[in-house]
Structures are given as C-alpha cells and as structure tokens.
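Each chain gets a letter, A, B and so on, in the order its sequence line appears, and its residues count up from 1.
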Amino acid sequence: MPELPEVETSRRGIEPHLVGNVIQYAEVRNSRLRWPVSEQIMKLSERPVLSVQRRAKYLLLELPEGWIIIHLGMSGSLRILLDELPPEKHDHVDLVMADGKILRYTDPRRFGSWLWSDNLNECSVLAHLGPEPLSDLFDGEYIYTLSRNKKTAIKSWLMDNKVVVGVGNIYANEALFVAHILPERPVHSLTEQEAHLLSDTIKQILRRSIEQGGTTLKDFLQSDGKPGYFAQELFVYGKKGELCSVCGEAIESVKLGQRSTFFCRNCQH
DNA sequence: AGAACGCCCTGAATGC
DNA sequence: TGCATTCAGGGCGTTC
C-alpha cells in the first residue's frame, strides 16, 4: 500500500528515465481504474516529459500542455522496462518512450488513477489538500493551533488530507507509537509539547522510510523491482498480539474510523 | 459545517 | 483439498 515514502521512492526511480525523454504514445490496456483513464492520456503522442514531481501521494508528470496525474491507490506500482516485455494480467498502462524504455503501471486492485490536468491549480483532486508533511508549513504550532476544539481521534485526524497529506495508516500508527501518544485520544487533548513532538516524529519517520525505499507490504516494489526495507523497522503496524519491542506488553488493535489501529497501552498515553 | 459511513476492487488469509 | 467468506485500504461521494 503505497504511502508518501513509496510514492516518493517511485518518483525518484522513474524521474531519471523520463525527464528529457519523449513519450511516443500511451498504451492503455484497461482504462477502468478508480476513474476512467483520461482521454488526453489515451491520445498522447510525441510529448517530452519536462519534470516528474510529487504532491501528496500523487505523481505529476509535466508535459508542455499539461500534467499526467498518477495515483497508485492501494496496490499500484510503476516500473521502468528497458526493453519490451509481454504485459501480464494487471499491467494496465504503458508509456512508451522514444528511446525504447517503457513506464509500466501495474495495479491488481485498480484503486489507482491516471488523470490529466491542463492546469494544476484547477485540478479537483489536488485543490483541497493540506500541507506536505516534510514542508516547513507542517510543524508543532500548526498541529497545535488547528487541533484546538476538535474532538476527532488523533489518528483519524492525522489521516485527514485537509490536515496534512501523505500520512496513511502505517505511518499514522508508527508516528503515534514513537511519540508515545494513544491514537484514540481526542485531538484537542494534545499539549503544545506533544504537538511539536508529533510533527517532528512524523517527519523523521517519513524521511527514514524514504531512505529505506518505502515499506514493502504485500506487493509494493520500487521501480527497479526491489522491495522497500522499512517494513523491518515497524513497531506496531500489523502486530496485533505481538509483544512490544520496547516494553514487552502485547500490542493491541482497535478500529478507528474504519481503519485498523495498533498501539501499546504501556508506551503510549 | 463537520463527522461518519459506503463504495470501488481483487488477492491473501481464514474458516469450514 | 477446495470452496466460500472475510479482510485490507485511499479517497471521493453521500448521508446524518
């Protein structure tokens, strides 16, 4: 399940193969993703890629007339093929480049999307997103100020894209463990000190995970086909019933806002 | 207005 | 062994 570090890992993997290269055409074998693949993408021809950027969990390929906006959804991944390779069942989209390389999109669950935007400022999926977690806009003061008078559970609040982008279930669980904060607490109960600790922790964990090439769970692979290594460093995510590696208490699991939530009652308060 | 829930989809895991 | 059921999840749309 690609979260921000996985998307950033993918971005870094594909960027050097695409920037300065030219898309010859897009081969869309199955356009039925989260939304239908945009017509402008189906009809692409002979367009140079000017940049490969990321906003939240969206990858943005800049072309002269607009942007290809890719979301990996739950199970999407991107690979660079140096030569042709017969597509398999879940290989839904290829961008065939002028030098023979192919950007191949694989997505068994088809929760991802390939959209076109003429103008990013008018793009509906990007319009209402909160700040990037690794930017200076996201800090303890931001969390503290925005969280006053709100009684939502802290963890659900962190996963709200209007609050901050790119913090999904894995990293919300991990960050709250490292910051010693119980996920169920109402967000208004955060102290100023905890708010600062939380923003610092989120940044630290995301940076560390990007260094490790993301978290490989299920089928996530980096664009070179190698797995990410951050899964080895998880403290609580997916560890219900296992013993906390810090104190030895059993990791508990509850549902918060329909999402699996893992924590150590001894380490988090 | 803000919060909660349903839905899209398929593979892996679990249950009988 | 094999079939049926359950679960996972990001984010938009709808409902309360």
Side-chain angles (χ1 to χ4, degrees), chain A residues 1-10 29-38 54-60 69-78 87-93 105-115 117 122-133 145-175 183-189 202 206 209 214-221 227-228 230-231 234 236-242 251 253-262:
Chain A
M1 44 211 81
E3 298 202 36
L4 188 145
E6 290 75 21
V7 178
E8 180 61 23
T9 298
S10 296
R29 282 175 291 269
N30 187 348
S31 62
R32 293 172 52 240
L33 302 182
R34 176 75 167 81
W35 298 285
V37 174
S38 293
R54 179 188 60 74
R55 172 76 172 106
K57 296 179 189 172
Y58 294 93
L59 284 167
L60 313 172
I69 300 172
I70 302 168
H71 197 291
L72 301 179
M74 276 281 302
S75 57
S77 63
L78 290 166
E88 296 184 11
K89 185 178 175 186
H90 301 300
D91 296 340
H92 305 309
V93 181
Y105 178 70
T106 306
D107 187 359
R109 269 164 268 187
R110 310 210 319 266
F111 269 33
S113 56
W114 279 63
L115 300 174
S117 173
E122 296 169 8
C123 177
S124 58
V125 296
L126 302 179
H128 304 291
L129 295 176
E132 289 287 326
T145 304
L146 197 64
S147 63
R148 296 307 87 187
N149 305 319
K150 294 198 173 71
K151 56 189 181 196
T152 314
I154 292 170
K155 184 197 164 226
S156 305
W157 190 76
L158 283 179
M159 292 176 65
D160 182 344
N161 276 339
K162 292 189 288 296
V163 174
V164 61
V165 300
V167 181
N169 205 23
I170 297 173
Y171 297 104
N173 277 299
E174 292 299 306
E184 304 158 289
R185 280 173 47 189
V187 70
H188 66 67
S189 73
I202 288 170
L206 291 176
S209 182
T215 306
T216 292
L217 291 175
K218 306 265 164 64
D219 47 10
F220 174 76
L221 297 175
F230 192 72
L234 296 177
V236 292
Y237 180 80
K239 297 190 184 293
K240 179 183 184 181
E242 293 181 36
I251 303 295
S253 175
V254 296
K255 287 274 182 188
L256 269 185
Q258 314 287 73
R259 292 289 182 261
S260 297
T261 301
F262 303 90

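Counting to the nearest Å, the C1' atom of dG11(C) and the CE atom of M159(A) are 10 Å from each other. Atom NZ in K255(A) sits about 7 Å away from atom P in dC7(C), given to the nearest Å. Atom NZ in K240(A) sits roughly 14 Å away from atom C1' in dA13(B) (whole-Å rounding). Going from atom NZ of K57(A) over to atom C1' of dC12(C) covers 14 Å, rounded to whole Å. Straight-line distance from the CH2 atom of W35(A) to the C1' atom of dG13(C): 10 Å, rounded to whole Å. In this entry the distance linking NZ of K155(A) with C1' of dG10(C) reads 12 Å, nearest Å. Rounded to an integer number of Å, the gap from E3(A) CD to dG10(C) C1' is 9 Å. The separation between H128(A) atom NE2 and dC12(C) atom P is 9 Å, rounded to whole Å.
Phosphate proximity of dG11(B) to H90(A): present, with a side-chain N or O under 4.0 Å from OP1 or OP2. In this structure, Y237(A) reaches the dG9(C) phosphate: one of its side-chain N or O atoms is under 4.0 Å from OP1 or OP2. Residue H71(A) places none of its side-chain N or O atoms closer than 4.0 Å to OP1 or OP2 of dG10(C).
D91(A) meets the side chain to side chain donor-acceptor pair (under 3.5 Å) test with T106(A); sequence neighbours excluded. Partners of K150(A) according to the salt bridge (charged side-chain N to carboxylate O under 4.0 Å, His left out) rule, which considers only residues two or more places apart in sequence or in another chain, do not exist here. Partners of R259(A) under the salt bridge (charged side-chain N to carboxylate O under 4.0 Å, His left out) rule, at least two apart in sequence or in another chain, do not exist in this structure. With sequence neighbours excluded, the residues that form a ring pair (Phe, Tyr, Trp, His ring centres under 6.0 Å) with Y58(A) are H71(A). Residues satisfying the side chain to side chain donor-acceptor pair (under 3.5 Å) criterion with S189(A), sequence neighbours excluded, are R185(A). With sequence neighbours excluded, the residues forming a salt bridge (charged side-chain N to carboxylate O under 4.0 Å, His left out) with R55(A) are E132(A), listed by chain and number.
Using a 4.0 Å heavy-atom distance criterion, K89(A) is classed as a sugar-phosphate-only contact. Among the heavy atoms of the strands, none lies under 4.0 Å from D107(A). Within the nucleic acid shown, S156(A) has no heavy atom closer than 4.0 Å to any nucleic acid atom.
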**Request:** Would you please test L4(A) and R54(A) for side chain to side chain contact (heavy atoms under 4.5 Å, CB included) and show each step?
**Result:** CA-CA 9 Å; L4(A) 188 145; R54(A) 179 188 60 74; 3.2 Å; yes
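Here the side chain of N173(A) pairs no donor or acceptor atom with the backbone of V236(A) at under 3.5 angstrom.
Sorted by first then second residue, the salt bridge (charged side-chain N to carboxylate O under 4.0 Å, His left out) pairs that include residues 152-167 of chain A, not counting sequence neighbours, are D160(A)-K162(A).
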**Asked** What string of B, S and - do you get for nucleotides 2-7 of chain B, 5' to 3', if B is base contact, S is sugar-phosphate-only contact and - is no contact with any protein heavy atom under 4.0 Å?
**Response** -S-SS-
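Comparing the local axis fitted to the first five base pairs of the helix from dG2(B)-dC16(C) to dC16(B)-dG2(C) with the one fitted to its last five gives a bend of 60°, rounded to 10°.
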